[in-house]
There are 2 protein chains.
Amino acid sequence: MDRFTQLCKNHGLKITPQRAAVYAALKNSKEHPSADQIHKQLLHSFPNISLDTVNRTLITFARIQIIDVVEGQGDPRRFDPNREDHHHFYCLSCNTIFDFHDPDLEQLPLPEEITRTCTITGKRLCLTGYCEDCRQHKQKHQPINFCKPY
Amino acid sequence: MDRFTQLCKNHGLKITPQRAAVYAALKNSKEHPSADQIHKQLLHSFPNISLDTVNRTLITFARIQIIDVVEGQGDPRRFDPNREDHHHFYCLSCNTIFDFHDPDLEQLPLPEEITRTCTITGKRLCLTGYCEDCRQHKQKHQPINFCKPY
DNA sequence: TTGACAAATAGGTATTAATCCTATTTAATA
DNA sequence: TATTAAATAGGATTAATACCTATTTGTCAA
Ligand SMILES: [Mn+2]
Ligand SMILES: [Mn+2]
Ligand SMILES: [Zn+2]
Ligand SMILES: [Zn+2]
């Protein structure tokens, strides 16, 4: 029994070809695709698959915590196959999201004011800026400001 | 000349009553409101102000870096009047965004792999979970997962 | 293996955020 | 006060996402 079958069984989800395809498409993705991108990709192998099914399936996967939703700035929701502890650099010019790891940050204790009063379920450092490829072209775009330059 | 007038002049923006109102409404807000929320609030004093004007104005302010856009998970874009270095706790149940500060984090150097290759313009730690008021009611909602529980 | 049934899907519709369009108004400047 | 470019209102459009429902399909137990 493969990993996907196992996960579905554990959560009482039926194993359908569409679900398996969505799972495989996202897990094989190195980017952080939107529902629409996954849908377009799957149309080749499933000419009738609906966007609703793709979106619903991704949200189902996120709810049972086998994938993540990526934080963004008001643009279409994007998904993350990578559930390891990691952080994101978001390029304001080409919209690519790069993963990176930071063991020091993992270790950093959070302010007591938060940990005492709230239940924390997620933690991520979000960097924004311009990736290597886009640095030079920075002035061509005028992205909406995300947060203060640091 | 007040602060708002100064900022507009510096950036060649005309000083209009609508702009001043949007600026004041956001700057006085302790929350992280959406364009729609600001618009609804301003309708009391400006019965004809359009949502487009409010949204456009907020985006203009973000571009000239006098306000920020808040990272989210695919929901309506929200704005932040607070441009100090700070971080966010996002309640998955009531959608409130709480500010917090963390001097240790400010000091933490970023991975060299990122700083070498990219231009970083923003840095923010994004925590998700359930706020003090919502902890008990956690099971009532089934929010889309943001990222791995840590 | 088959039948019953709940779950999932396709495809259409509705909703909502955000943007675009354009005639009109208005702030800035001389 | 007249000129002019910028800004606005309000309607239209687009795009993401959610909703609705008839039909199909996976699951499970007989
Ligand atoms: Mn990632
Ligand atoms: Mn804030
Ligand atoms: Zn880039
Ligand atoms: Zn809450």
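Chain letters run A, B, ... following the sequence lines, proteins first and then strands; every chain starts at 1.
- Note on A:Asn55: every side-chain N or O is 4.0 Å or more away from OP1 and OP2 of D:dA16.
- Within the 3.5 Å criterion, the main-chain N or O of B:Leu125 finds no donor-acceptor partner in the side chain of A:Arg124.
- When the nearest nucleotides of DNA chain D are assigned to B:Lys14 and B:Val54 by heavy-atom distance, the more 5′-ward of the two goes with B:Lys14.
- Within the 4.0 angstrom heavy-atom criterion, only backbone atoms of the sugar-phosphate kind lie near A:Ile59; the bases stay farther away.
- OP1 or OP2 of C:dT9 has not a single side-chain nitrogen or oxygen of A:Asn48 nearer than 4.0 Å.
- DNA chain C is contacted by both B:Pro17 and B:Ala35; B:Ala35 maps to the nucleotide lying nearer its 5′ end (nearest heavy atom per residue).
- At the heavy-atom level, A:Pro47 lies nowhere under 4.0 Å from the strands shown.
- The CZ atom of A:Phe61 sits 11 Å away from the P atom of C:dA8 (whole-angstrom rounding).
- Considering only side-chain N and O atoms, A:Arg77 lies nowhere under 4.0 angstrom from the phosphate OP1 or OP2 of D:dA15.
- The separation between A:Leu13 atom CG and D:dT27 atom C1' is 13 Å, rounded to whole Å.
- Looking at A:Asp102, its side chain does come within 3.5 Å of a backbone N or O of A:Asp104 through a donor-acceptor pair.
- Put simply, CZ on B:Phe79 is 10 Å from C1' on C:dA18, counting in whole angstrom units.
- Between the P atom of C:dA17 and the CG atom of B:Leu51 lies a distance of 9 Å, rounded to the nearest Å.
- A close approach under 4.0 Å does occur between a side-chain nitrogen or oxygen of B:Gln18 and OP1 or OP2 of D:dA9.
- Among C:dG11, D:dG26, D:dG10, the nucleotide with an atom closest to any side-chain atom of A:Asp52 is C:dG11.
- In this structure, the side chain of B:Asn28 engages the main chain of B:Ala24 through a donor-acceptor pair within 3.5 Å.
- Distances shown here put every side-chain N or O of A:Arg56 at or beyond 4.0 Å from the OP1 or OP2 atom of C:dA8.
- Going from atom CG of B:Asp75 over to atom P of C:dA17 covers 11 Å, rounded to whole Å.
- Between the A:His32 side chain and the A:Ile97 main chain, a donor and an acceptor come within less than 3.5 Å of each other.
- The side chain of B:Thr16 contributes an N or O atom lying less than 4.0 Å from OP1 or OP2 of D:dT8.
- Rounded to a whole Å, the NE2 atom of A:His11 is 16 Å from the P atom of D:dT27.
- Residues A:Tyr23 and A:Phe61 bring their aromatic ring centres within 6.0 Å.
- Across the protein-nucleic acid pair, A:Arg19 atom CZ and C:dA10 atom C1' stand 15 Å apart, rounded to whole Å.
- As rounded to whole Å, 6 Å separates atom P of D:dC28 from atom NZ of A:Lys9.
- Using a 4.0 Å heavy-atom distance criterion, B:Ile15 is classed as a sugar-phosphate-only contact.
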